[in-house]
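To keep things clear, I will list the structure first and then write my remarks on it.
Computed over heavy atoms, backbone and side chain alike; hydrogens, waters and symmetry mates excluded. Labels below follow one simple rule: chain letters A, B, ... track the order of the sequence lines, proteins then strands, and each chain is numbered from 1.
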Amino acid sequence: MDYNHRKIESRWQQYWKDNKVYHTEIDHGKPKFYVLDMFPYPSGAGLHVGHPLGYIASDIYARYKRLKGFNVLHPMGYDAYGLPAEQYAIQTGQHPEKTTTENIARYRGQLDRIGFCYDWDREIRTCDPEYYHWTQWAFIEMFNHYFDVKQQKAMPVADLEAYFAANGSEGHTAAESKPLKFTAGEWKAMDDKQRSDTLMNYRIAYLGNTMVNWCPQLGTVLANDEVSEGVSIRGGYPVEQKLMYQWCLRVSAYAPRLLDSLESLEWSDSIKETQRNWIGRSEGAEMQFKVADSDVEMTIFTTRADTVFGVTFMVLAPESKYVDMVTTPGQRQAVEDYRNEIKHKTERERIADKKVSGVFTGAYAVNPLTGKRIPIWVSDYVLAGYGTGAIMAVPAHDSRDYAFARKFDLPVIPLIEGADVSEGSFDAKEGKMINSASDKLDLNGLEVKEAIARTKEFIEKEGLGRVKVNYRLRDAIFSRQRYWGEPFPVYYKDGVPMMLPLDKLPLQLPEIDKYLPTESGEPPLGRAAGWQTEEGYPLELNTMPGFAGSSAYYLRYMDPRNHDELVSKEANDYWQQVDLYVGGTEHATGHLIYSRFWNKFLYDLGKVCKDEPYRKLVNQGMIQGRSNFVYRIKDTNTFVSAGLRGGYDTTSIHVDVNIVSNDRLDTEAFRRWRPEYADAEFVLENGEYVCGWAVEKMSKSMFNVVNPDDIVERYGADTLRLYEMFLGPVEQSKPWDTNGIDGVNRFIKKLWNLFYKGEKWLVDDSKPSREALKSVHTLIKKVTADIEAFSYNTSVAAFMICVNEISKLDCHSREVLTPLVVLLAPFAPHVAEELWHALAADGKEDAADAASTVCDAQWPEWNEEYLKADAINLPVSFNGKTRFMLSVAPETSKEEIEKLALESPDAAKWIEGKTIRKIIVVPNKIINIVVG
RNA sequence: GGCCGAAUGGUGGAAUGGUAGACACGAAGGACUUAAAAUCCUUUGGCCAUUGAGGCUGUGUGGGUUCGAGUCCCACUUCGGCUACCA
């Protein structure tokens, strides 16, 4: 029997399915382990060879944990709502559900062929009403809660209403969009609409008038993490700022907790750092600046309170509320013109346009420490959304302020000794202060850090401001003007937003005729006939964004068919949280923040038992494409091999990597590839056409997409799995290079040949040699350590070494081969399963019924006794240079080693005629003898 | 501009501060074969030497710590990734 991957793999995939081998239930007799992949968006293009990398890595871990005796939860599902299906629907009129269902079927087929151990009985889809029921439920809970800053947790809005009725707004501790002041009497006098509007200022899910990223081409708003460099991540369309009334989530209230509990997570430092930056905590001070000849006081935020003596002007964001309050009549027109100009520029244009621009308001502020009058300007380099939208400008020590001062010829006062500000600002927070003294505060001579502390102390004491911690993290905009998303469980009663009663959930997405906005500019749901409650109140027309469905999906896998709750207490208590989460780094500032927020909210409600959803996170690298090129001689249909193109004037052309093998072009396949190459001629080197190559993104247009199905068909899923792991560390990005896959395939065949020679079954019950035992026990130790450390590439190498050694020893002992098969089961489950059954049935064909599956085997333990070497070779060095090797028994003491080294004949010639100055003996490592 | 990471043969990559280059690809040579494929064996960082050995050098650059540095520290160069008028 030769190794036949097609037969083996289809046979065991069928067996696993028929026998529900990977079905998981709660089992209190076993410790649990939850391994989760970030679920995919099923795109129309299907999986390419890069997608399964993380799935294979987590699958290996899940299978390993199972063999170690854990009850492993390893589910899979689909993030099914998304823009591509909707865009496709707009173009073709095809219902996105149909496209999505087809794509899911294709994904499932591709995944199944790779042999994953998912419990498909727990599959979820975010577009399934049974699933989004709980997305809508969570939204209602967020609407019904506010965030209490003092207790740092979510509390019922009803409590807040009671507080307002008793005390008014005075002294409340709710996180708010903006400060509001009202008395208990005023609260009681409010009508429903006014109360609703007021409470929106505090709810965790609230309707707010906020600056949003509006993308005209997509016809929808986008969250900050869906925009990069002023264009949408999906599609790359320009994005502009627009004030809109939208549903938002008060994520910013959770910023301190999101930041603090990062410490407790086993995530990579780089992704934690990315989240820290995104949350953007900065310690500084808020200070009040009085406006001259006016009652207005402006509040600014600064991290450099120490530089207050160098403030020579103030700058307001164009959208700042202060602009209208301070602008003088004479400057009103100029300011209005400037604001209009800014408004019509997109974010992208504002960034691209590095020119400094701004306009004087005509007003002056008073520096609270020096009493000097300083002009107030408006400029778009100050952002309305951060801090208070107003800054004190210190041109000597901030490069942006410096550029502005130079452009508009404003004074620059250096505050740090030795800082040369004739060419640029001095931004570093170091040095001794100068020019910083008044009759109340003297900072001269202090280090910057001391000066910051001293100033903060001073302004708090004098009532000029207060110490303040600012966060960059913004509330999440939760409305999308699209069809293919979760409908909001919201209706409007006389203009007041109301939540549907819980027993009306799920509110199902209605059918519509076209997937475009209505003529009046309303979102697509505006086309749905009868989109209203039974009482006739209109339902919300927006839908939820992509991250809504992915924020709590890990909980649903614990209890996917529960009709009464998101997850039962029993299931949540058992499975707790994800122990290992595998996915790409691109979700660092989106999904991984929202999901943590969502989970913390549910935790506050007592619905989940863990504060954090994902205990350990591993980020797999991206698989890039490796493109191949052919070189056409200009104006001909002749192609020259890469090594010979020096003498010709050529153009390089991408060629389909699937007709190239080891960078050698299949010239016949090339002629068939496209009609224009049918009569192509070739200039060969050594009878072959050698292609050039480059690493690029994997994409259709580069002809470098490799489909896993093709690899599985040709080499088998086990080879694909082993090869993807062998390519390099899981965390590292690397190009897909099919060169080299033969090596892994050869390894499987070699392994096979330990069991079968033709039809003959080779395995026997003989006592294995010490070398064979040592080889396999070394492997057990190595693979166990490697899996725990996620170092799969070195594991595969270790398998190769072991199989080579055992082949050379001609060992076919069951005692050696059985653990080898179990070790291999996580990596190459099909061939391991086949051999496991063959071992049980002594190589007979009907092996399938002969034994339990390898999935129920026990992970082997290594025996240190077999690993002990007879002798250890220690390098002996003189004056740091290795001169010879000394063999000693493993348990030799330090003193004995020293004696042996000095007495060895090799040592004599290095010691001769010299004095020994120092001897260093590190047992099992080194002997170093210093002579002179 | 900020933050993070990386730099080792022709290639992908190994190496708890202790014999650098595991393992694999590719390449060269050989065995088997009518031939090819498959398989197996040998060699494979560079330089010098070779009858038998052997020797020198070598992990981006320059310093440092150490008996000993690819690994730790400082500075620099280059390349990736993320992020960005965040005051």
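- Counting to the nearest Å, the C1' atom of B:U16 and the CD1 atom of A:Ile926 are 15 Å from each other.
- Listed nucleotides: B:C82, B:U19, B:A87. Nearest to the side chain of A:Thr274: B:C82.
- Among the heavy atoms of the strands lying under 4.0 Å from A:Lys808 are primed sugar atoms or P, OP1, OP2 only; no base atom is included.
- In this structure, the NZ atom of A:Lys782 is 12 Å from the P atom of B:C23, given to the nearest Å.
- Checked against B:A24, B:C4, B:A15, the side chain of A:Glu273 finds its nearest nucleotide in B:C4.
- Distances shorter than 4.0 Å separate none of the side-chain N or O atoms of A:Asn277 from OP1 or OP2 on B:C82.
- The base-pairing partner of B:G9, taking Watson-Crick or G-U wobble contacts with both distances under 3.5 Å, does not exist among the strands shown.
- Here B:G26 sits opposite B:U44 as a Watson-Crick or G-U wobble pair (both hydrogen-bonding atom distances under 3.5 Å).
- Within the shown strands, nothing qualifies as a pairing partner of B:U59 under the Watson-Crick or G-U definition with both distances less than 3.5 Å.
- Classified by its glycosidic torsion, B:G9 falls in the syn category, the angle being within 90° of 0.
- Residue-level contact check: A:Arg746 touches the backbone only, with heavy atoms under 4.0 Å from sugar-phosphate atoms and none from bases.
- The side chain of A:Trp278 has B:U83 as its nearest neighbour among B:C67, B:U83, B:C86.
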*Which is it for A:Phe408 and A:Phe313 under the ring pair (Phe, Tyr, Trp, His ring centres under 6.0 Å) test, yes or no, and what are the steps along the way?*
CA-CA 11 Å; A:Phe408 294 104; A:Phe313 57 102; 8.9 Å; no

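- Comparing atom distances between the A:Leu383 side chain and each of B:C41, B:C86, B:G13 picks out B:C86 as nearest.
- Separating the CZ atom of A:Arg472 from the C1' atom of B:A87 is a distance of 14 Å, rounded to the nearest angstrom.
- Rounded to a whole Å, the CG atom of A:Asp742 is 12 Å from the P atom of B:C40.
- Between the P atoms of B:C48 and B:U42, the separation comes to 27 Å (whole Å).
- Taking atom OH of A:Tyr715 as the reference point, atom P of B:C25 lies 12 Å away to the nearest angstrom.
- Nucleotides B:G46 and B:G21 are separated by 14 Å at their P atoms, to the nearest Å.
- Taking only side-chain nitrogens and oxygens, A:Gln732 never comes nearer than 4.0 Å to OP1 or OP2 of B:A6.
- Rounded to whole Å, the separation between the C1' atoms of B:C74 and B:U66 comes to 16 Å.
- Phosphate contact (OP1/OP2 of B:A87, side-chain N/O of A:Tyr381, threshold under 4.0 Å): absent.
- Nucleotides B:G58 and B:U83 have their C1' atoms positioned 39 Å apart, rounded to a whole Å.
- Nearest to the side chain of A:Asn928, among B:C85, B:G13, B:G68, sits B:G68.
- The separation between A:Gln275 atom CD and B:G81 atom C1' is 17 Å, rounded to whole Å.
- Using a 4.0 Å cut-off between a side-chain N of Lys or Arg and a carboxylate O of Asp or Glu, A:Glu805 and A:Lys808 do not qualify as a salt bridge.
- B:A15 and B:G64 have their C1' atoms separated by 24 Å, given to the nearest Å.
- Whole-Å rounding puts the A:Lys757 NZ to B:C40 P distance at 13 Å.
- Atom name P, nucleotides B:U65 and B:G5: the rounded distance is 26 Å, in whole Å.
- For the residue pair A:Tyr386 and A:Asn470, no side-chain donor N or O sits within less than 3.5 Å of a side-chain acceptor on the partner.
- Using modelled atom types and a 3.5 Å distance limit, the side chains of A:Asp398 and A:Ser425 yield no donor-acceptor pair.
- Across the C1' atoms, B:U11 and B:A22 are found 16 Å apart, a figure rounded to whole Å.
- Which of B:A24, B:A15, B:G13 sits closest to the side chain of A:Asn804 comes down to B:A24.
- Residue A:Asn793 places its side chain closer to B:G13 than to any other of B:A22, B:A87, B:G13.
- Among the nucleotides B:C23, B:A15, B:C86, the one closest to any side-chain atom of A:Arg400 is B:C86.
- Between A:Ala317 and A:Val382, the closest heavy-atom pair is CB-O, 3.3 Å.
- For A:Tyr471 and A:Ser252, the side-chain atoms include no donor-acceptor pair closer than 3.5 Å.
- Listed candidates were B:A87, B:C40, B:G13. Nearest to the side chain of A:Pro729 is B:G13.
- Comparing the C1' positions of B:U59 and B:C72 gives an interatomic distance of 16 Å, to the nearest angstrom.
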*When you look at A:Thr299 and A:Glu286, which way does the side-chain hydrogen bond (donor to acceptor under 3.5 Å, both in side chains) test go after all the steps?*
CA-CA 6 Å; A:Thr299 306; A:Glu286 267 186 1; 5.6 Å; no

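- Nearest nucleotide to the A:Ile801 side chain, out of B:A22, B:A87, B:C40: B:A22.
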